[in-house]
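Quick notes on the structure that follows.
For the numbers below, each heavy atom of this structure counts, side chains included, while hydrogens, waters and symmetry mates do not. If you read the sequence from its start, that first residue is 1, and numbering goes on from there.
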Amino acid sequence: MDAAAGNGSSGSVMCQLVSAEGEHLGAALYLPHNVGPPQLQEIVNHLLRNEDKLPYAFYVGDEELSLQLGAFMQRNNANAEVTLRIVYQPQAVFRISPVNRCSATIAGHTEAVLTVSFSPDGTCLASGSGDTTVRFWDLNTQTPLYTCKGHKNWVLCIAWSPDGKHLVSGSKSGELILWDPKTGNQLGTPLTGHRKWITAVSWEPVHLQSPSRRFVSASKDGDARIWDITTKKCVISLTGHTNAVTCVKWGGDGLIYTGSEDCLIKVWETTQGKLVKTLQGHGHWVNSLALSTEYVLRTGAYDHTRKTYSSPEEMKEAALARYEKMRGNAPERLVSGSDDFTMFLWEPTISKQPKARMTGHQKVVNHVYFSPDGQWLASASFDKSVKLWNGITGKFVTAFRGHVADVYQISWSADSRLLLSGSKDSTLKVWDIRARKLKQDLPGHADEVYAVDWSPDGEKVVSGGKDRALKLWMN
């Protein structure tokens with residue numbers, strides 16, 4: 001690049017381009033004052049030898065670089081003698097439009113909607129309710145498709161298999177039921193064994209096993225159990241927590257992570273169910289766990305292009321390629337949110353010590369969630385705020401304020417540019433990550449919004465809550 005040939009004259013700035021993981025991209029360069037994001041984009045694509053030009057955002061410290069270098073230096077009174085460290089972050093090539101209107105209010109549930117989830121390919125939607133039913137909804141006609149009866153108590157959680165072929169639901173009575181989304185039929189008898197209610201369910205990633213066969217359930221009884229859907233049996237019990245297991249994630253490296261009211265996070269291997277390590281640090285209940293790879297684990301082989309697959313092997317290959325690309329050469333990261341108002345960022349395969357302790361919330365941290373590209377981390381709290389953190393370092397970035405009551409759940413757009421939150425204040429809000437501000441206020445629910453999800457294809461948002469209604473939002 002010609003820019004590198006300059007010297008430290010007044011018209012140029014010594015810059016070091018750095019990846020989000022902290023790796024230097026080549027040597028430091030002298031860049032002219034009139035270089036801005038478009039030119040930096042060219043330089044990064046050139047240095048990385050990208051055949052297809054990719055979009056990047058640039059950050060100095062926690063501030064996005066949106067000006068030319070000279071103007072930025074002037075505005076920030078930056079020292080021209082010091083090398084400017086510019087972090088480049090890849091952006092999704094596709095763009096999601098923000099949702100801004102309610103396209104349908106679908107009645108059907110007769111009690112509060114407690115959980116909602118789009119299928120991995122974004123074409124189907126399921127919900128679970130206090131009325132003991134699981135329902136499937138037709139997204140084309142925006143009408144009810146199947147009402148699935150079988151549970152005797154509230155349906156507290158649902159989870160799609162990453163190949164999209166099954167949905168499992170867990171109830172307050174402690175039983176799990178497997179459903180066929182194509183017919184709405186129950187597959188076999190309920191899976192029993194847990195003595196108290198089911199708090200969370202997570203499937204084995206499809207790049208490890210295709211077609212999907214195993215999932216893990218967490219329960220208030222203090223155990224997690226791995227089930228095989230072909231034999232309809234519990235194959236491994238993960239016992240060791242001394243209190244309720246509140247959350248569970250099946251990671252991309254084949255490890256299972258459980259968080260509990262005993263303040264601990266346990267890491268398990270999945271061939272025999274042996275405890276690998278225990279992560280300690282929280283002073284109160286662990287409420288929520290999230291993985292940096294969660295989006296690709298949830299969607300498996302499916303992405304925004306809507307490609308379909310002819311065989312489980314083809315699906316497994318595509319899912320593995322997506323997982324490896326997303327992970328890069330960095331370890332899978334885990335974040336935990338707690339009743340002690342804090343969060344911890346972990347790299348469990350590398351260390352038992354947390355990478356960062358994240359403080360700032362004034363009340364319980366209720367839900368944590370990585371952006372699909374793993375660059376950001378969002379947390380929802382009963383302190384009415386949503387906070388944004390750097391997903392790699394755990395550094396605090398900004399607080400989104402606007403809700404006037406507890407924030408229950410958050411969800412990301414597939415391009416990692418927008419964040420959705422649902423609150424006790426009966427509204428949903430869409431936040432713009434780069435502008436760091438409210439993008440869209442979505443009122444319409446008559447009562448508390450318990451559950452939200454953004455479809456993996458980015459086109460739809462669903463919300464459900466105390467008013468028993470399911471709302472679909474579009475752009």
Step by step, would you call Trp154 with Ser171 a side chain to side chain donor-acceptor pair (under 3.5 Å)? CA-CA 5 Å; Trp154 298 358; Ser171 85; over 6 Å; no
If we ignore angles and hydrogens, is there a donor and acceptor under 3.5 Å between the side chains of [X] and [Y]?
| X | Y | result |
| --- | --- | --- |
| Ser129 | Glu111 | no |
| His445 | Thr427 | no |
| Ser379 | Trp389 | yes |
| Glu313 | Ser210 | no |
| Ser219 | Trp197 | no |
| Ser381 | Lys363 | no |
| Asn366 | Asp406 | no |
| Ser411 | Gln409 | no |
| Gln375 | Ser371 | no |
| Gln91 | Tyr56 | no |
| Ser310 | Glu314 | yes |
| His361 | Thr342 | no |
| Thr299 | Arg322 | yes |

Take the angle between the ring planes of Trp268 and His241 and call it parallel below 30°, perpendicular above 60°, tilted in between. perpendicular
Mind telling me whether Phe215 and Trp227 have parallel, tilted or perpendicular rings, with 30° and 60° as the class edges? parallel
Any sub-3.5 Å donor-acceptor pair from [X]'s side-chain atoms to [Y]'s backbone N or O?
| X | Y | answer |
| --- | --- | --- |
| Asp339 | Val365 | no |
| Trp346 | Gln353 | no |
| Glu294 | Leu291 | yes |
| Arg298 | Ser161 | no |
| Asp138 | Thr141 | yes |
| Ser455 | Lys460 | yes |
| Tyr146 | Lys182 | yes |
| Arg333 | Gly374 | yes |
| Trp160 | Ser117 | yes |
| Ser119 | Thr123 | yes |

Roughly how far apart are [X] [atom1] and [Y] [atom2], rounded to 0.5 Å?
| X | Y | atom1 | atom2 | result |
| --- | --- | --- | --- | --- |
| Leu187 | Trp179 | CG | CH2 | 9.0 Å |
| Met358 | Thr393 | CE | OG1 | 8.0 Å |
| Thr132 | Asn153 | OG1 | CG | 8.0 Å |
| Ser426 | Lys466 | OG | NZ | 11.5 Å |
| Lys220 | Lys172 | NZ | NZ | 10.0 Å |
| Arg357 | His282 | CZ | NE2 | 9.0 Å |

Pair [X] + [Y]: basic N to acidic O under 4.0 Å:
| X | Y | result |
| --- | --- | --- |
| Asp253 | Arg327 | yes |
| Arg306 | Asp457 | yes |
| Asp432 | Lys439 | yes |
| Asp131 | Arg135 | yes |
| Lys355 | Glu347 | yes |
| Arg213 | Asp228 | yes |

What's the shortest heavy-atom distance between [X] and [Y], and which atoms?
| X | Y | value |
| --- | --- | --- |
| Val452 | Gly422 | CG1-CA, 3.9 Å |
| Asp373 | Met326 | O-CE, 3.6 Å |
| Ile236 | Thr271 | CD1-O, 3.5 Å |
| Gln142 | Met474 | NE2-CE, 3.1 Å |
| Val206 | Gly300 | CG1-CA, 3.7 Å |
| Tyr450 | Ala112 | CE1-CB, 3.9 Å |

Asp163/Lys165 under salt bridge (Lys or Arg N to Asp or Glu O under 4.0 Å): CA gap, chis, key distance, verdict: CA-CA 6 Å; Asp163 62 5; Lys165 303 268 192 293; 5.2 Å; no
Test log, rule side-chain contact (heavy atoms from CB on, under 4.5 Å), inputs Leu419 and Ile410: CA-CA 7 Å; Leu419 178 68; Ile410 44 185; 4.2 Å; yes
Let's go through Glu459 and Phe118 carefully: what are the C-alpha distance in whole Å and the side-chain angles of both, what is the deciding distance for side-chain contact (heavy atoms from CB on, under 4.5 Å) to 0.1 Å, and is it a yes or a no? CA-CA 11 Å; Glu459 292 182 4; Phe118 286 103; over 6 Å; no
Single hit among Ile198, Leu114, Thr199, Val201 for side-chain contact (heavy atoms from CB on, under 4.5 Å) with Leu156: Leu114
May I have the step-by-step check of salt bridge (Lys or Arg N to Asp or Glu O under 4.0 Å) for Lys196 and Asp223, ending in yes or no? CA-CA 10 Å; Lys196 289 187 178 171; Asp223 293 347; over 6 Å; no
For Glu175 and His151, run side-chain contact (heavy atoms from CB on, under 4.5 Å): C-alpha distance rounded to whole Å, both residues' side-chain angles, the deciding distance at 0.1 Å, then the answer. CA-CA 8 Å; Glu175 84 272 337; His151 284 293; 2.7 Å; yes
Take Tyr257 and Val248, measure what side-chain contact (heavy atoms from CB on, under 4.5 Å) needs, and give me the verdict at the end. CA-CA 6 Å; Tyr257 306 95; Val248 64; over 6 Å; no
